[in-house]
Amino acid sequence: MKKMITIIGLLLSLYSFSQEKFTYKELNMTQAPANIKIIQILDGNNIGLYGVIDNNGNFLTSNNNILISIQENHIYLLDIDNNEGLMSIDGNWIGKMGKYKYKDKYSNMFLPLQEEKNKNFFIIYQKEKDHNKFAYLNLKGQLITPYLYDDAESFSDGLAAVKKGQKWGYINEDGQEVIDFIFDEVFPFENGSAVVRIGEDTFYIDAKGNKKVTQTFFYNIKEWIESVKRHISNSFVEKIGAI
């Protein structure tokens, strides 16, 4: 009788997917949303691999994933054929497996949730001849730009830095190019300003691409002070070393 109870308990702890006739177990992942479950295959050809099911046991993905990483508002998947996929935490596809390649990849499926991974836009790319071209995908799975750019960065303050050829500019969240491609180096916008560089000239711009003279002045003063500190520090180290 005890043996029978043990067997029944074991069977109840596993779920079977009748059509493909394999068993799996639910992984205890604290970051998993309430309406989906991450499972691991226990038998068959894909033993040890992973999938996603809903609360009714319906499979939302194939059972051949080697990586399922849950972030704040999306799930990144990678299967045994190196196809990438992106899913919302509601279990809806943002980009089905193999449809896109993503610039941001998550290597550890057990990483804790991170605030910066709460994204509304995703950088995707495709191979063109000997280099990659980049575009943007929104949380609904809609392309907001074509594959136009030679590099691309994440959005901040509603703007993202993108590169055409050797020059950088910025687009807005509608995919419109709002700041010209004239910069050699760019940084993310923060509180309405971004640091950019043209040649040897580094300065601040506003969200329209206009130079912020006062902020740039204080930035240059700060940089000058830091360079003086580094020079004094290096000189002191050299003198100490010479003794």
Side-chain angles (χ1 to χ4, degrees), residues 3-127 132-143 147 152 154:
K3 185 176 181 180
M4 180 64 69
I5 293 173
T6 302
I7 292 172
I8 293 173
L10 178 62
L11 291 174
L12 289 174
S13 68
L14 305 176
Y15 299 87
S16 63
F17 188 55
S18 59
Q19 290 182 342
E20 297 189 25
K21 300 187 185 308
F22 56 78
T23 54
Y24 59 83
K25 68 176 180 180
E26 179 185 339
L27 297 181
N28 184 21
M29 298 176 68
T30 56
Q31 70 268 47
N35 53 335
I36 67 164
K37 297 180 174 66
I38 309 301
I39 57 94
Q40 184 176 38
I41 308 303
L42 297 180
D43 61 8
N45 294 332
N46 291 335
I47 186 169
L49 300 181
Y50 305 95
V52 180
I53 62 172
D54 64 19
N55 285 333
N56 296 318
N58 300 313
F59 267 69
L60 303 177
T61 71
S62 296
N63 64 340
N64 65 343
N65 295 283
I66 60 176
L67 176 69
I68 300 175
S69 184
I70 301 171
Q71 304 303 316
E72 186 71 26
N73 66 345
H74 62 283
I75 303 168
Y76 174 78
L77 305 102
L78 181 70
D79 70 18
I80 55 175
D81 297 315
N82 287 320
N83 293 313
E84 298 175 82
L86 211 63
M87 179 179 280
S88 72
I89 57 173
D90 298 323
N92 298 314
W93 285 107
I94 300 169
K96 290 187 177 181
M97 300 300 294
K99 187 172 184 179
Y100 302 115
K101 292 182 178 297
Y102 301 90
K103 184 175 181 180
D104 291 329
K105 305 174 190 296
Y106 312 110
S107 60
N108 189 339
M109 62 188 293
F110 296 103
L111 274 177
L113 293 175
Q114 299 179 32
E115 186 178 352
E116 64 268 24
K117 298 300 187 292
N118 183 14
K119 294 187 175 182
N120 293 316
F121 300 94
F122 307 92
I123 304 170
I124 57 177
Y125 67 92
Q126 65 180 16
K127 193 81 171 179
N132 294 325
K133 285 287 188 178
F134 295 84
Y136 288 84
L137 186 72
N138 67 19
L139 197 59
K140 297 178 181 179
Q142 302 166 331
L143 284 170
Y147 291 93
S154 299

**Request:** Would you check if the side chain of D79 reaches a backbone N or O of D81 as a donor-acceptor pair within less than 3.5 Å?
**Result:** yes
**Request:** Please answer whether the main-chain N or O of A34 pairs with a side-chain N or O of N55 as donor and acceptor at a distance below 3.5 Å.
**Result:** yes
Going from [atom1] on [X] to [atom2] on [Y], what distance comes out if it is rounded to the nearest 0.5 angstrom?
{"X": "L42", "Y": "Y24", "atom1": "CG", "atom2": "OH", "value": "10.5 Å"}
{"X": "L78", "Y": "N83", "atom1": "CG", "atom2": "CG", "value": "8.0 Å"}
{"X": "M29", "Y": "I68", "atom1": "CE", "atom2": "CD1", "value": "7.5 Å"}
{"X": "N64", "Y": "L77", "atom1": "CG", "atom2": "CG", "value": "10.0 Å"}
{"X": "H74", "Y": "M87", "atom1": "NE2", "atom2": "CE", "value": "12.5 Å"}
{"X": "K96", "Y": "T61", "atom1": "NZ", "atom2": "OG1", "value": "12.5 Å"}

Looking only at non-hydrogen atoms, find the nearest pair between [X] and [Y] and report the distance.
{"X": "Y136", "Y": "A152", "value": "OH-CB, 3.3 Å"}
{"X": "Y106", "Y": "D104", "value": "OH-CB, 4.3 Å"}
{"X": "S107", "Y": "L67", "value": "O-CD1, 3.7 Å"}
{"X": "K103", "Y": "F134", "value": "CD-CE2, 4.1 Å"}
{"X": "G85", "Y": "W93", "value": "CA-CZ3, 4.2 Å"}
{"X": "E26", "Y": "I39", "value": "CA-CG2, 4.0 Å"}

Just wondering, more than 12 heavy atoms not from [X] lying within 6.0 Å of its [atom1]?
{"X": "K133", "atom1": "NZ", "result": "yes"}
{"X": "N28", "atom1": "CG", "result": "no"}
{"X": "K127", "atom1": "NZ", "result": "yes"}

**Request:** Run the numbers on N73 and K119 for side-chain hydrogen bond (donor to acceptor under 3.5 Å, both in side chains), then give the verdict.
**Result:** CA-CA 7 Å; N73 66 345; K119 294 187 175 182; over 6 Å; no
Using distance only, find each side-chain donor-acceptor pair of residues 44-54 under 3.5 Å and give its atom names and separation, not counting sequence neighbours.
from: N46; atom 1: ND2; to: N63; atom 2: OD1; distance (Å): 3.0
from: D54; atom 1: OD1; to: N56; atom 2: N; distance (Å): 2.9
from: D54; atom 1: OD1; to: G57; atom 2: N; distance (Å): 3.1
from: D54; atom 1: OD1; to: N58; atom 2: N; distance (Å): 2.9
from: D54; atom 1: OD2; to: N58; atom 2: ND2; distance (Å): 3.2

**Item:** Derivation of the side chain to side chain contact (heavy atoms under 4.5 Å, CB included) call for Y147 and I124
**Value:** CA-CA 8 Å; Y147 291 93; I124 57 177; 3.4 Å; yes
**Message:** In terms of relative ring orientation, are Y102 and F122 parallel, tilted or perpendicular, with 30° and 60° separating the classes?
**Reply:** perpendicular
**Message:** For Y76 and I94: C-alpha separation, side-chain torsions, deciding distance, then whether side chain to side chain contact (heavy atoms under 4.5 Å, CB included) applies.
**Reply:** CA-CA 10 Å; Y76 174 78; I94 300 169; over 6 Å; no
**Message:** With side chain to side chain contact (heavy atoms under 4.5 Å, CB included) as the criterion, how do I36 and I89 come out once you've worked through the C-alpha distance, each side chain's angles and the decisive distance to 0.1 Å?
**Reply:** CA-CA 8 Å; I36 67 164; I89 57 173; 5.8 Å; no
